[in-house]
Amino acid sequence: MNRATDAAVRRVAAPRGRAADDLTHVELTWIEKRIENWIRFGREAHEEILDRRRRVLSFRPQSIFAFVRWAGNDFGTIISRIDIVRAVEPGEAYQTLPFVRPGGDILLKIEGWPKVEQVLRHIDAVEAADIDACDVAPDHWRHVANRMSAGHEPRAYTMERHQAWLKRREIEQ
């Protein structure tokens with residue numbers, strides 16, 4: 001394909017419901033013991049309360065957030081999932097994700113409550129090392145996803161790794 005065709009495909013593929021702004025919007029629902037969607041970490045740029053059970057959090061491009069979804073019924077858990085997502089720039093390719101408009105760069109996708117708990121413990125360990133989970137290198141979240149899918153324990157994210165990431169990011173800018 002040539003560049004003109006690529007641009008035309010991107011224009012057609014863009015979701016019609018995208019807001020006029022460049023933010024990534026995440027709809028959160030909380031119905032006790034039925035549907036519980038929440039943000040584990042992330043720096044929201046805007047919050048809109050829709051009603052007492054629903055709200056929409058918005059994130060600026062390039063920001064990273066963790067979106068946790070849990071749903072259950074009278075018989076137990078139906079779904080438990082955590083996604084760590086990077087909000088994308090306008091015109092950048094993205095992956096779709098339920099309740100996330102338009103979508104994002106999915107760095108980690110884990111399903112099943114035992115594995116979700118393992119990711120939550122990993123996030124707690126990062127924060128215990130005095131590192132904001134929003135600032136962790138995107139490659140580390142991919143590493144966690146890959147190691148867990150192979151049944152291995154992910155490496156710890158240390159202050160030394162974090163300093164290396166910050167220097168690399170500074171050079172790239």
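Worth knowing before you read on, the calculation uses all heavy atoms, side chains too, and leaves out hydrogens, waters and symmetry mates. Predicted model only: the values in this text are computed from it and were never measured.
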Taking every non-hydrogen atom, the tightest pair across [X] and [Y]:
| X | Y | answer |
| --- | --- | --- |
| Ala156 | His140 | C-CE1, 4.3 Å |
| Ala66 | Ile84 | CB-CG1, 4.0 Å |
| Trp165 | Asp135 | NE1-O, 3.2 Å |
| Ala45 | Leu23 | CB-CD2, 4.3 Å |
| Ala87 | Thr24 | CB-OG1, 3.3 Å |

Any salt bridge between [X] and [Y], counting N to O under 4.0 Å?
| X | Y | result |
| --- | --- | --- |
| Glu111 | Lys115 | no |
| Asp124 | Arg40 | yes |
| Arg142 | Asp105 | yes |

State plainly whether one hydrophobic cluster holds both [X] and [Y], where clusters connect Ile, Leu, Val, Met, Phe, Trp and Tyr through side-chain heavy atoms under 4.5 angstrom apart.
| X | Y | value |
| --- | --- | --- |
| Val126 | Val116 | yes |
| Met148 | Leu120 | yes |
| Leu107 | Val144 | yes |
| Leu97 | Val56 | no |
| Leu108 | Ile106 | no |

* Set of ring pair (Phe, Tyr, Trp, His ring centres under 6.0 Å) partners for His162, sequence neighbours left out -> Tyr157
* So, does Glu44 use its side chain to make a donor-acceptor pair with the main chain of Leu57 at under 3.5 Å? -> no
* Any donor-acceptor N/O pair, His143 side chain to Arg155 backbone, under 3.5 Å -> yes
Nearest 0.5 angstrom please: [X] [atom1] to [Y] [atom2], how far?
| X | Y | atom1 | atom2 | value |
| --- | --- | --- | --- | --- |
| Thr29 | Arg53 | OG1 | CZ | 10.0 Å |
| His122 | Glu127 | NE2 | CD | 11.0 Å |
| Arg147 | Glu153 | CZ | CD | 8.5 Å |
| Arg60 | Asp22 | CZ | CG | 11.5 Å |
| Glu48 | Arg55 | CD | CZ | 12.0 Å |

* To do: Report, as yes or no, whether the 6.0 Å neighbourhood of atom CD on Glu170 holds more than 12 heavy atoms from other residues, nucleotides or ligands.
  => no
* To do: Determine whether the side chains of Glu32 and Trp30 contain a donor N or O and an acceptor N or O closer than 3.5 Å.
  => yes
* Asked: Pick one: which of Trp141, Phe65, Phe59 meets ring pair (Phe, Tyr, Trp, His ring centres under 6.0 Å) with Phe41?
  -> Trp141
Output side-chain donor-acceptor pairs under 3.5 Å for residues 73-82, partner residues at least two apart or in another chain, one line each.
from, atom 1, to, atom 2, distance (Å)
Asn73, OD1, Phe75, N, 2.8
Asn73, OD1, Gly76, N, 3.2
Asp74, OD1, Arg34, NH2, 2.8
Thr77, OG1, Trp70, NE1, 3.1
Ser80, OG, Trp113, N, 2.8
Arg81, NE, Asp83, OD1, 3.1
Arg81, NE, Asp83, OD2, 2.9
Arg81, NH2, Asp83, OD1, 3.0

* From the options Ile35, Val68, Leu50, Ile39, select the one residue that forms a side chain to side chain contact (heavy atoms under 4.5 Å, CB included) with Leu28. => Ile39
* From the options Ile64, Ile123, Ile131, select the one residue that forms a side chain to side chain contact (heavy atoms under 4.5 Å, CB included) with Val136. => Ile131
* Arg69 and Pro98, any side-chain heavy atoms less than 4.5 Å apart -> yes
* Beyond-backbone contact of Pro154 with Gln118, side-chain heavy atoms, under 4.5 angstrom -> yes
